[in-house]
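Working notes for the structure below.
Please read these numbers as outputs of a predicted model, since none were measured by experiment. This chain uses plain numbering: 1 for the first residue, then up along the sequence.
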Amino acid sequence: IKVNWHWNPYNVPHPPFSRIVSGIAKELSAPFLDKFSAYRMGPALFFAVLAVAVYLWMHELFGRATGLFSALTLVLIPNLFGYAHIAVTDLPLATMWFLTAFCFWKGLGSWKWSIALGVVWGLALSTKFPALLIPAPLILWGHLFHRDKYVNNLFTMISVAPLVMVATQPYLWHQSGLRVLEFLYEGLSRGYRPETNFGIYFYDQVLLSSQLPWYYSFFVVGITTPEPIILLALLGAASILWMREHRNLLLLLFANAAFILLLGLMPGAVLHDGARQMLSALPFIAALAGAGFYSVLVSLQTLIQRSERLRGIQSFKTKVTLILFLLVVFSPALDLYITHPFQLSYYNRLVGGIQGAYERGLEMTYFMEAMTPAFLRTLNEKIPANATINASFATFMLSYYQKEGLLRHDIKITDSQPFDYFILLNRRSALAPRERKLVNGVAKPYVAISLADVPLVSAFDFRKHDGKE
């Protein structure tokens with residue numbers, strides 16, 4: 001295990017389950033895909049499972065149309081769609097959180113689902129540290145509404161989940177107690193360590209998580225999720241007041257979404273990278289949007305039923321469902337298409353879209369996703385032989401791409417002067433003042449990738465400046 005299982009819990013405290021899935025997916029996909037795409041089949045698989053789970057849950061409650069709408073809503077949320085293409089732990093955690101809530105609900109009436117709950121939560125614990133908090137909203141909800149039914153759920157979460165957590169993490173097979181405590185310490189301390197507490201660009205200020213306003217997590221989710229989905233999710237939450245038959249379930253969805261967003265108020269919370277840390281709330285928001293869709297649909301069908309003229313339309317319920325479906329999903333689908341493959345840079349119209357968010361001083365890109373294969377191909381085509389490039393804080397990323405054969409080997413990469421070309425990823429929280437001035441100044445970039453006229457990554461020719469600004 002020591003030889004083959006590389007682990008550094010201080011800097012990377014995330015457990016390995018999602019990486020195990022990606023590794024298996026990579027091996028299975030290797031004959032058909034390049035190594036990057038093959039490894040990313042892991043998060044794509046998690047995303048597919050999440051979409052199916054959303055469909056099944058909402059279909060069971062509200063019918064097929066609402067199930068399909070909820071699953072499609074999930075796919076059309078830009079941050080979820082974007083992270084389905086990136087092999088990090090956040091989308092797998094969102095999937096496992098939603099599956100755990102689903103199994104908890106099903107486990108109220110079936111001991112088999114209670115066992116599934118223990119397994120699923122154990123895998124969630126093997127995915128990312130915040131999974132430790134999943135039981136909080138579930139047990140509170142269960143005790144308030146089903147205190148006579150959730151004992152099997154509680155039992156398997158106490159007995160089965162820890163076994164699954166240890167079994168799926170070879171690092172915990174030895175000195176298990178000590179290493180579980182280490183896992184808890186490293187997860188809790190990240191918000192207090194300078195090397196893991198990154199700056200956040202918020203209204204032209206670089207702030208730490210502890211300096212952000214209390215509403216930050218709600219704000220970021222609200223401005224990076226398409227407006228129709230937000231509106232329907234709010235309606236779905238409000239429908240708790242009149243949907244008596246489904247009130248308890250809607251409260252479960254709402255409690256999970258709210259709890260995840262409220263975690264941003266906890267001491268030691270880390271909130272860098274846009275909506276990434278709140279990604280687990282988004283499937284519950286999609287489900288609430290499905291409830292809002294169902295509420296609107298029932299209201300429209302009731303109104304039409306009262307009209308003798310409209311009531312005579314053949315298959316009017318199906319037609320109303322289809323029209324409402326298309327009206328709601330058109331705008332998010334168009335936004336998703338326009339922003340591809342930069343969904344992590346999406347902002348909705350509440351802040352003026354992408355351009356408005358940039359002018360207001362919000363972070364535009366942060367995860368190196370702007371350095372696309374097309375951008376690297378352009379560098380290979382346009383940069384002269386044996387030129388020297390510097391990429392500021394992202395130099396390590398270009399070194400990695402060169403090692404993997406995506407950047408020409410004759411190009412010299414340096415993190416100091418002199419250099420011929422200066423490449424800047426427009427993550428303003430990481431840029432020095434002079435670098436921000438260069439990105440937004442009058443100098444024309446040699447190569448650039450932009451979205452809605454906002455620069456995401458730019459390469460500047462410094463040869464005529466002798467490496468100086």
Please work out which of the three classes, parallel, tilted or perpendicular, describes the rings of F219 and Y215, given edges at 30° and 60°.
perpendicular

Atom pair OG1 (T339) and CD1 (I354), whose distance is rounded to the nearest 0.5 Å:
6.0 Å

Atom pair OG1/NE2 of T89 and H14 - distance to nearest 0.5 Å
4.5 Å

Under a 4.0 Å N-O cut-off, is there an ion pair linking R40 with D34?
no

Measure across P43 and L91 and return the closest heavy-atom pair with its distance rounded to 0.1 Å.
O-CD2, 3.5 Å

Checking S22 side chain against R19 main chain: does a donor-acceptor pair fall under 3.5 Å?
no

Looking only at atom types and distance, does a side-chain atom of S114 sit under 3.5 Å from a main-chain N or O of G107, one as donor and one as acceptor?
yes

Consider ring pair (Phe, Tyr, Trp, His ring centres under 6.0 Å). Of W105, F62, F254, which one does H246 pass it with?
F62

If you draw a 6.0 Å radius around CH2 in W242, do more than 12 non-hydrogen atoms from other residues or ligands fall strictly inside?
yes

Ignoring hydrogens and angles, tell me if any N or O in the side chain of S295 forms a donor-acceptor pair with the backbone of A291 under 3.5 Å.
no

If you draw a 6.0 Å radius around CE in M243, do more than 12 non-hydrogen atoms from other residues or ligands fall strictly inside?
yes

Shortest non-hydrogen separation from V75 to F47 and the atoms involved
CA-CZ, 3.7 Å

For A53 and L99, the nearest pair of non-hydrogen atoms, with its separation, is CB-CD2, 3.6 Å

Heavy-atom check, side chain of Q355 versus side chain of Y347, under 4.5 Å
no

What do you reckon, is CZ of R247 surrounded by more than 12 foreign heavy atoms closer than 6.0 Å?
yes

Taking side chain as C-beta onward, heavy atoms only, is I139 less than 4.5 Å from L154?
yes

For the pair W113 (side chain) and N153 (backbone), establish whether a donor and an acceptor sit closer than 3.5 Å, ignoring hydrogens and angles.
no

Would you say the rings of Y83 and F367 are close, in the sense that their centroids are separated by under 6.0 Å?
yes

Within the structure provided, determine whether L132 and L184 are in side-chain contact (heavy-atom separation under 4.5 Å).
yes

Could D335 and R349 be called an ion pair, given the rule that one side-chain N must be under 4.0 Å from one carboxylate O?
yes

If the plane angle is over 60° it's perpendicular, under 30° parallel, otherwise tilted; pick one for W141 and H146.
tilted

Would a 4.5 Å heavy-atom cut-off, applied to side chains only, mark R276 and N79 as touching?
no

Is it the case that more than 12 heavy atoms not belonging to Y337 sit under 6.0 Å from its OH atom?
no

Below 4.5 Å, heavy atoms only, C-beta onward: do F81 and H340 meet side chain to side chain?
yes

Taking CZ in F393 as the centre, count heavy atoms belonging to other residues, nucleotides or ligands within less than 6.0 Å. Is the count above 12?
yes

Just by distance, do the side chain of T372 and the backbone of F375 share a donor-acceptor pair under 3.5 Å?
yes

Is a donor on one side and an acceptor on the other found under 3.5 Å between the side chain of S429 and the backbone of V206?
no

Separation of L80 CG from L282 CG (nearest 0.5 Å):
4.5 Å

Is it the case that the side chain of N348 and the backbone of G222 share a donor-acceptor pair, with hydrogens and angles ignored and the cut-off at 3.5 Å?
yes

Nearest-0.5 Å distance, OG of residue S217 to CG of residue L212
9.5 Å

Y201 vs L362 side-chain heavy atoms within contact, under 4.5 Å:
no

Heavy atoms from other residues, nucleotides or ligands near CG of D453 exceed 12 (cutoff 6.0 Å)
no

So which atom in V120 and which in C103 form the shortest heavy-atom distance, rounded to 0.1 Å?
CG2-SG, 4.0 Å

Any donor and acceptor pair, going by atom type alone, linking the side chain of R428 with main-chain N or O of Y358 inside 3.5 Å?
yes

Heavy atoms of other groups near F259 CZ, more than 12 under 6.0 Å
yes

Nearest heavy-atom contact between L117 and T100 is CD1-O, 3.4 Å

Reported CZ-to-OG1 distance for the pair F293 and T66, which is rounded to 0.5 angstrom:
5.5 Å

Contact between Y346 and L451 at the side-chain level, heavy atoms closer than 4.5 Å - yes or no?
no

Do you know the tightest heavy-atom contact between L344 and G82?
CD2-CA, 4.0 Å

Distance check, rounded to the nearest 0.5 Å: L252 atom CG versus F284 atom CZ?
7.0 Å

Does N426 use its side chain to pair, donor to acceptor, with the backbone of P455 at less than 3.5 Å?
yes

Judged by atom type as modelled, is there a donor-acceptor pair below 3.5 Å linking the side chain of T225 to the main-chain atoms of I230?
no

Does D273 reach the side chain of R427, with side-chain heavy atoms less than 4.5 Å apart?
yes

